[in-house]
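Down below is the structure, laid out as structure tokens.
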Amino acid sequence: MTIRLYDTSARQIRDFTPLTPGCVSIYLCGATVQAAPHIGHIRSGLNFDIMRRWFAHRGYDVTFVRNVTDIDDKIIAKSAEQGRPWWSIGYENEVAFNEAYDVLGCLRPTYEPRATGHIPEMIEMMRGLIERGHAYASDGNVYFDVKSFPEYLRLSNQELDNLQQPSGAGETGKRDPRDFAMWKAAKEGEPSWETPWGRGRPGWHLECSAMAHKYLGTAFDIHGGGVDLVFPHHENEIAQAQAYGDDFARYWTHNAWVTMSGEKMSKSLGNSLLVSEMVRRWRPIVLRYYLGTPHYRSMIEYSEDALREAESAFARIEGFVQRAVEKVGVVEPAAEVPPAFAEAMDDDLGVPQALAIVHTTVRQGNSALTADDKESTVARFAELRAMLGVLGLDPLDERWSGGGTDRGEDLHGVVDSLVRLVLDQRQSARERKDYATADAIRDQLQQSGLAIEDTPSGPRWSLS
């Protein structure tokens, strides 16, 4: 079956046909590094990580570019507020974003270019646009002439006559208030670079057009980002790139927000939940399950209850994996996922439908374990690992199981040792037929939030 994706520009689901057979090129708008990431920021990285993994599973060679915006108005404002160099703030938060991507199991991008590393490419693009009559310099700024590009606003489906173009301070000399800045004239005390039109710094939109051109060429397959980027950012990217002569992206894919009380999670609302804090309270693999398993185009309304539900659901998966390992040993992932899982993923990355197949497989695997059917247990275990690998949720993957320094895993080991001591006391009570004491120990553990399961290989505990 052909992979199909919802294309924002076409406003419909389309069959995916790559530019180059067997290859997929993806550009994802990454972090603007004025602050550390909250879970709303990181959802996009998770959604496109799953997309990337699915294309790879389907046999495609994936080139994945995720940029870093390390200079913009917000970073400069933070620099002034904190009395720190702009580059120090940017780098500190870039590291924080990469740590968040890593702790939640995202694969590293093929390329991760910074805006400030591509000033020559931006100057070259502006020069070409000015020569073609699509841009002009004024008061040290360089603006894109939106009337020169008839396809402008096609992505966001707006009317030019009704457009209110966001503008920043110092954007003087526009021929039309709807024109947007590609380059901003230097201000005293702010970072700047030399250009043929005077010193200044990049506008937000120019960097992505220039970097996509450098790393993916004049045309590529998929451009991604949050739905809030459709206008003005992605609309302006298209105008710059296509007016320059590039075909640019053939599919536009956007993920929805994480909200609180119906509002987009943002710093201005004061409701951000930093990834670095969340992973102290929740295991990273559970947080990935929570953020990555809803459909990428659906909103996630954050709540503690929803996270607890995700924790319980993932515990059912882990429980089968643990019991299966005890019964049949570690089984390698199957070469193919179940057909129903593949059908769901092919249909616009239908992760919720695919996840239903995951849980069905877990139930079938548990039934096989109960019946002591080792052959069926191995088969379901292999299928499950293949599916979880696509979703980045395989508990046996070394990313999650291999000797990291995650504090949650350290704490789990400490708790396990303590619980084992208590379970040994319970077992001793049972061996001397002091069942009242054994039951009292079990009840105390359960009141502490632990579930105790007696198995042929000994008692096993889990969070209830």
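Only heavy atoms go into these numbers, but all of them, side chains included; no hydrogens, no water, no symmetry mates.
Side-chain atoms of H134 and Q240 include no donor-acceptor pair closer than 3.5 Å. Counted by atom type alone, D176 and Y143 present zero donor-acceptor pairs between their side chains at under 3.5 Å. Residues T32 and Q34 have side chains that never bring a donor and an acceptor to within less than 3.5 angstrom of each other. Donor-acceptor pairing under 3.5 Å is lacking for the side chains of D247 and T218. A donor-acceptor contact under 3.5 angstrom links the side chains of D139 and T172, judged on distance only. K174 and S167 share a donor-acceptor pair across their side chains, judged by distance under 3.5 Å alone. In the model, N255 has a side-chain atom that pairs as donor or acceptor with a side-chain atom of S44 under 3.5 Å. Using modelled atom types and a 3.5 Å distance limit, the side chains of N93 and Y91 yield no donor-acceptor pair. Checked by atom type, the side-chain pair T69/E207 shows a donor-acceptor distance below 3.5 Å. Using a 3.5 Å distance cut-off with no hydrogens or angles, the side chains of T259 and E301 do pair a donor with an acceptor. Between the side chains of T361 and E383, not a single donor N or O lies within less than 3.5 Å of an accepting N or O.
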Original post:
Which is it for E318 and R283 under the salt bridge (charged side-chain N to carboxylate O under 4.0 Å, His left out) test, yes or no, and what are the steps along the way?
Top reply: CA-CA 13 Å; E318 280 189 310; R283 293 171 57 213; 2.7 Å; yes
Original post:
Which is it for M345 and V351 under the side-chain contact (heavy atoms from CB on, under 4.5 Å) test, yes or no, and what are the steps along the way?
Top reply: CA-CA 6 Å; M345 293 297 292; V351 174; 4.0 Å; yes
Subject >> Residues R114, E94; criterion salt bridge (charged side-chain N to carboxylate O under 4.0 Å, His left out); working and verdict >> reply: CA-CA 10 Å; R114 296 189 185 102; E94 180 183 342; 2.8 Å; yes
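For the pair I123 and I119, the minimum side-chain heavy-atom distance is below 4.5 Å. In this structure, the side chains of R53 and L107 come closer than 4.5 Å at one or more pairs of heavy atoms. Side-chain contact check for K74 versus K78: every heavy-atom pair is 4.5 Å or farther apart. With a 4.5 Å cut-off on side-chain heavy atoms, R154 and S9 do not count as touching. At least one side-chain heavy atom of L163 sits under 4.5 Å from a side-chain heavy atom of F231. Inter-residue side-chain proximity for D179 and F144 is flagged as unmet; no heavy-atom pair is nearer than 4.5 Å. By the 4.5 Å heavy-atom criterion applied to side chains, V65 and P109 are not counted as neighbours. Between F220 and Y27, some side-chain heavy-atom pair lies under the 4.5 Å cut-off.
A cation-pi arrangement, defined by a distance under 6.0 Å to the six-membered ring centre and an angle within 45 degrees of its axis, is absent between R43 and Y296. A cation-pi contact, defined as under 6.0 Å to the ring centre and within 45° of the axis, links R297 to Y6. In this structure, R175 forms a cation-pi arrangement with Y136, its terminal cationic atom sitting closer than 6.0 Å to the ring centre and no more than 45° off the ring axis.
Using a cut-off of 4.0 Å between Lys/Arg side-chain N and Asp/Glu carboxylate O, R308 and E311 are scored as not salt-bridged. Note on R250 versus D7: no salt bridge recorded, every NZ/NE/NH1/NH2 to OD/OE distance being 4.0 Å or above. A salt bridge links R84 with E92; the closest basic N to acidic carboxylate O contact falls under 4.0 Å. Under 4.0 Å is where a charged nitrogen must lie from a carboxylate oxygen, and between D49 and R108 no such pair does. At a threshold of 4.0 Å, the pair R4-D346 does not count as salt-bridged, since none of the basic side-chain nitrogens sits closer than that to a carboxylate oxygen. Using a 4.0 Å cut-off between charged side-chain N and carboxylate O, D145 and K147 make no salt bridge.
Heavy atoms only, all atoms of each residue included: P284 and V103 are closest at CB-O, 3.2 Å. In plain terms, the two heavy atoms of M51 and I222 that are nearest each other are SD-CD1, 4.1 Å. Summarising the geometry of A115 relative to M122, their closest heavy-atom pair is O-CE, 3.1 Å, with the distance given to 0.1 Å. Between N67 and C29, the closest heavy-atom pair is OD1-CA, 3.3 Å. Closest of all the heavy-atom pairs between E332 and A382 is O-CB, 3.5 Å.
For R132, the CZ atom counts as densely surrounded, since its 6.0 Å shell holds more than 12 non-hydrogen atoms of other residues, nucleotides or ligands. More than 12 heavy atoms of other shown residues, nucleotides or ligands fall within 6.0 angstrom of atom CD in Q12. A 6.0 Å sphere centred on CD of E159 holds no more than 12 heavy atoms belonging to other residues, nucleotides or ligands.
Taking the six-membered ring where the residue is Trp, F97 and H41 present tilted rings, their angle falling between 30° and 60°. Under the 30°/60° scheme for interplanar angles, the aromatic rings of W86 and W193 are found to stand perpendicular. Note: H359 and Y289 have perpendicular aromatic rings, judged against thresholds of 30 and 60 degrees for the angle between ring planes.
Among L391, I42, T293, L393, the one residue that satisfies the side-chain contact (heavy atoms from CB on, under 4.5 Å) test with R288 is L393.
The ring of H118 has its center closer than 6.0 angstrom to the ring center of Y215. Between H234 and H254, the distance from one ring center to the other falls under 6.0 angstrom. The aromatic ring centroids of F55 and F16 lie less than 6.0 Å from each other.
A donor-acceptor pair under 3.5 Å is absent between the side-chain atoms of H57 and the main chain of A386, judged by distance alone. Remark: the backbone N or O of D221 is paired with a side-chain donor or acceptor of S25 at under 3.5 angstrom. A donor-acceptor distance shorter than 3.5 angstrom exists from the side chain of R199 to the backbone of S192, with no hydrogens or angles considered. Judged by distance alone, with hydrogens and angles left aside, the side-chain atoms of T195 form a donor-acceptor pair with the main-chain N or O of G198 at under 3.5 Å.
To the nearest 0.5 angstrom, I75 atom CD1 is 8.0 Å from I89 atom CD1.
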